[in-house]
J.: 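Take a look at the following structure, please.
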Amino acid sequence: MAIRLFNTYSRALEEFSPLDPAGREVKMYTCGPTVYSHAHLGNFRAYVFEDLLQRHLGLRGFNVRRVMNITDVDDKTIRGSSEAGVPLAEFTAPFKKAFFDDLDTLRIKRADSFPEATDPRELAKMIEMIGTLMERGLAYQAEDKSVYFRINKFPDYGKLAHFDLAELRSTGRVKSDEYDKEHVGDFALWKAWDEEDGAVKWESPWGDGRPGWHIECSAMATQLLGEQLDIHCGGVDNIFPHHEAEIAQTEGCTGKKFVRYWLHCAHLMVEGQKMAKSLGNFYTLRDVIGKGYSGREVRYALMRVHYRAPLNFTWEGMEEARVALGRIDEWVRRLNAETDSKDNPEAPSSKLQAPEKHQAPMAGPDFHDALDDDLNISGALGVLFETIRETNRRIDGGEIAAGEAKAWLDWWGRVDQVLGISGEEAALPEEIAGLAEARVQARLAKEWRKSDELRDELAARGWEARDTKDGQKITRRGGA
RNA sequence: GGCGGGGUAGCCAAGUGGUAAGGUCGGGGUCUGCAAAACCUCUAUUCGCGGGUUCGAUUCCCGCCCCCGCCUCCA
């Protein structure tokens with residue numbers, strides 16, 4: 001089954017085929033964070049979506065080369081460093097580190113490179129591109145000394161967002177100091193230095209200053225991935241102007257189609273509104289972890305809604321994620337028990353004849369097929385949970401042989417290559433083991449009151465005691 | 001005003017021209033010393049509203065309503 005993706009450019013589902021179908025290489029560029037504070041959950045929704053996309057393409061045999069930029073110079077980083085009274089690089093460093101820590105917490109695979117806007121090599125590329133645009137009359141230096149892109153010279157400007165330039169209407173977000181431009185829609189390629197920038201400046205043919213935001217991505221993408229990309233992702237708020245500008249700049253330089261597939265994810269909402277730093281209604285990953293949730297629980301909560309639908313962040317949703325993951329964990333444990341507990345791993349399980357060949361037996365829709373359809377995660381999770389219920393039912397009935405349990409674990413392994421949500425068995429702390437043993441003794445003595453107290457005690461510490469036909473089982477609940 | 005996304009059970013959310021996946025919550029069971037887990041079972045005659053096409057529409061067409069976002073540097 002072919003992979004189909006919704007392309008913002010055409011506003012239609014398109015069958016995915018990379019530039020180089022033979023090599024199966026996919027060049028993917030994803031807009032990264034501006035490191036002036038901690039990224040918020042809305043940002044991470046986008047990164048989790050991109051991670052899911054990368055993992056699914058990987059499972060389908062594509063070799064994804066991904067680049068994610070780090071914006072470490074802009075108005076906000078400059079303001080932050082000046083308020084903190086430290087050099088720009090010193091101000092952004094801890095936020096860069098925090099960003100990578102957060103990626104790890106959410107089990108987001110690292111991109112192949114994370115270029116930074118202030119890297120001299122990247123700056124050189126930006127200046128080179130601006131120079132080319134100047135030569136071609138696609139850019140001009142205004143009276144304020146800044147260099148702007150001349151959108152009237154680029155007929156395709158507006159094609160991605162489907163905007164008619166004549167219809168552009170100001171929303172008051174235009175800064176008043178941009179009156180030197182030929183057209184209100186012209187955007188800065190190089191921003192001339194002014195006093196507020198302090199020590200932050202680089203030399204260029206047009207005087208000291210710093211790069212505009214958009215040129216950053218054009219330069220890094222072409223420098224690291226080439227003039228044409230397969231996939232470019234971001235949040236819907238990047239469609240205009242950011243990605244529109246990227247197309248104009250890049251194609252203005254190369255004359256080639258910049259991106260084949262534009263993918264954008266919808267916003268994360270809080271109480272029905274977009275989560276945004278500018279609105280002050282945002283949570284950072286650290287806020288949620290601080291409430292006792294684990295990275296994989298957050299990952300699941302961000303991933304479980306289709307990327308093009310708005311996702312409302314709620315604590316109820318976090319609880320649901322916790323319960324659902326606990327169910328998956330328990331299922332995996334049971335399958336493992338079915339493979340472990342049999343006396344002879346060579347022999348089929350005691351109970352029934354074991355079929356020799358256990359391809360995970362699915363008639364009907366497959367997990368990965370669902371994802372082929374524009375990352376239909378709900379459909380895919382539906383397959384997973386139906387599988388869980390069915391295999392649990394058969395384990396209850398003693399119908400699963402060791403070989404089949406093993407086959408299901410293999411199936412889960414492939415599924416989790418994409419989901420990245422499997423739990424890790426936490427080692428039993430001595431203290432917990434002691435309480436558990438005391439409870440076993442109490443139960444043997446039929447001291448129910450004492451055993452119930454010990455169960456509560458364990459629960460208070462995040463461990464659950466269950467009495468099964470094979471004796472007491474201690475498992476970690478929630479978290480991890 | 002222009003351009004998008006969305007409106008399906010308490011909540012989250014798939015989906016198909018033929019009569020509604022899955023998750024979660026809640027009720028009832030099996031099991032258990034009691035629980036928990038797991039499983040079984042119940043919970044939308046109905047898919048924002050009104051028309052139309054059709055033997056039949058949640059699914060196609062037309063009109064309308066509501067929510068959210070973008071419209072120059074927010075993922």
Side-chain angles (χ1 to χ4, degrees), chain A residues 8 11 30-34 39-50 71 74-76 151 158 161-164 166-171 173-175 178 181 184-188 191 212-214 216 233-242 244-245 264-269 272-279 282 301 304-306 308-312 314 316-317 319-324 326-327 330-331 333-334 365 370 376-386 388-390 392-397 443 446 448-449 451-452 455 459 464-469 473 475 477:
Chain A
T8 306
R11 301 281 155 91
T30 51
C31 288
T34 300
H40 62 64
L41 278 184
N43 300 310
F44 285 114
R45 181 192 192 189
Y47 308 144
V48 166
F49 143 63
E50 290 152 3
T71 299
D74 78 323
D75 289 350
K76 289 176 288 234
I151 61 171
H162 296 216
F163 281 165
D164 179 348
E167 302 274 352
L168 287 187
R169 168 199 275 206
S170 171
T171 54
R173 279 170 59 187
V174 187
K175 285 178 56 182
E178 295 187 357
K181 299 189 293 187
V184 285
D186 290 349
F187 55 88
K191 303 183 84 156
W213 177 42
H214 313 303
E216 202 190 290
C233 307
V236 286
D237 50 352
N238 274 164
I239 294 172
F240 193 90
H242 187 51
E244 197 71 62
H264 294 95
C265 73
H267 280 129
L268 186 68
M269 320 286 287
Q273 274 204 310
K274 177 174 84 158
M275 179 184 287
K277 288 179 183 172
S278 56
L279 295 173
F282 66 95
R304 66 188 229 283
V305 173
H306 184 83
R308 281 191 291 119
L311 164 58
N312 203 14
T314 61
E316 291 85 347
E319 260 328 289
E320 183 181 327
R322 165 162 293 179
V323 173
R327 180 132 170 262
E330 183 61 19
W331 173 66
R333 270 188 220 115
R334 297 187 78 188
N376 182 353
I377 188 70
S378 300
L381 289 174
V383 172
L384 173 62
F385 283 107
E386 279 176 3
I388 288 175
R389 177 159 38 76
E390 176 63 11
N392 273 335
R393 194 183 61 72
R394 296 180 57 226
I395 290 171
D396 281 352
R443 292 193 75 242
K446 296 202 188 301
W448 305 127
R449 177 186 293 264
S451 88
D452 289 349
R455 183 166 60 201
E464 186 174 76
R466 279 185 218 151
D467 305 310
T468 74
K469 63 178 164 55
K473 288 270 188 341
T475 50
R477 208 60 179 165

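Lettering of chains follows the sequences in order, A, B, ..., and the numbering in each one begins at 1.
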J.: Taking only residues two or more places apart in sequence or in another chain, which ones pass side-chain contact (heavy atoms from CB on, under 4.5 Å) with A/His264?
T.: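 Applying side-chain contact (heavy atoms from CB on, under 4.5 Å) to A/His264 gives A/Thr8, A/Val236, A/Ile239, A/His243, A/Trp262.
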J.: Considering residues at least two apart in sequence or located in another chain, which fulfil the side-chain contact (heavy atoms from CB on, under 4.5 Å) criterion with A/Glu319?
T.: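 Checked A/Glu319 against side-chain contact (heavy atoms from CB on, under 4.5 Å); matches are A/Tyr293, A/Arg322.
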J.: Go ahead and write out RNA chain B as dot-bracket, 5' to 3': ( ) for pairs within the strand, [ ] for ones crossing earlier pairs, | when the partner sits on another strand, dots for unpaired; Watson-Crick or G-U wobble, both distances under 3.5 Å.
T.: (((((((..(((.....[...))).(((((.......))))).....(((((..]....))))))))))))....
J.: Please name all residues satisfying side-chain contact (heavy atoms from CB on, under 4.5 Å) with A/Asn312, sequence neighbours left out, ordered by chain then number.
T.: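 Partners of A/Asn312 under the side-chain contact (heavy atoms from CB on, under 4.5 Å) test: A/Met269, A/Thr314.
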J.: For A/Phe44, enumerate each residue passing the ring-ring contact (aromatic ring centres under 6.0 Å, His included) test, keeping only those at least two apart in sequence or located in another chain.
T.: A/Tyr47
J.: Using a cut-off of 4.0 Å between protein heavy atoms and nucleotide atoms, how would you tag nucleotides 24-33 of chain B 5' to 3' with B, S and -?
T.: SS-------B
J.: For nucleotides 3-7 of chain B, which of its nitrogen or oxygen atoms have a protein nitrogen or oxygen under 3.5 Å away, and what is each distance?
T.:
{"residue": "B/rC3", "atom": "O2'", "partner": "A/Ala161", "partner atom": "O", "Å": "3.1"}
{"residue": "B/rG4", "atom": "O5'", "partner": "A/Arg11", "partner atom": "NH1", "Å": "3.0"}
{"residue": "B/rG5", "atom": "O2'", "partner": "A/Arg308", "partner atom": "O", "Å": "3.0"}

J.: Using the side chain to side chain donor-acceptor pair (under 3.5 Å) criterion, which residues pair with A/Arg443? Sequence neighbours excluded.
T.: A/Asp467
J.: Taking only side-chain N and O atoms of A/Lys181, does any of them lie within less than 4.0 angstrom of OP1 or OP2 on B/rU72?
T.: no
J.: Check side chain to side chain donor-acceptor pair (under 3.5 Å) between A/Arg327 and all other residues, then give those that pass, not counting sequence neighbours.
T.: none
J.: Which residues pass the side chain to side chain donor-acceptor pair (under 3.5 Å) test with A/Arg455, not counting sequence neighbours?
T.: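 Testing A/Arg455 for side chain to side chain donor-acceptor pair (under 3.5 Å), a comparison that skips the adjacent residues, returns A/Asp452.
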J.: Touch check for A/Asn376, heavy atoms < 4.0 angstrom, all strands: base, sugar-phosphate only, or nothing?
T.: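 Counting heavy atoms under 4.0 Å across all strands, the contact made by A/Asn376 is with sugar-phosphate only.
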J.: Ignoring the backbone of A/Ala188, work out which of B/rC70, B/rC40, B/rC73 is nearest its side chain.
T.: B/rC73
J.: Among residues at least two apart in sequence or on other chains, which ones pass side chain to side chain donor-acceptor pair (under 3.5 Å) with A/Glu330?
T.: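 Partners of A/Glu330 by the side chain to side chain donor-acceptor pair (under 3.5 Å) criterion, ordered by chain and then number, come out as A/Arg333, A/Arg466.
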J.: What nucleotide among B/rC40, B/rC73, B/rA36 has an atom nearest to a side-chain atom of A/Arg389?
T.: B/rC40
J.: Restricting to nitrogen or oxygen on both sides, can you table the protein-nucleotides 18-20 of chain B pairs closer than 3.5 Å?
T.:
none

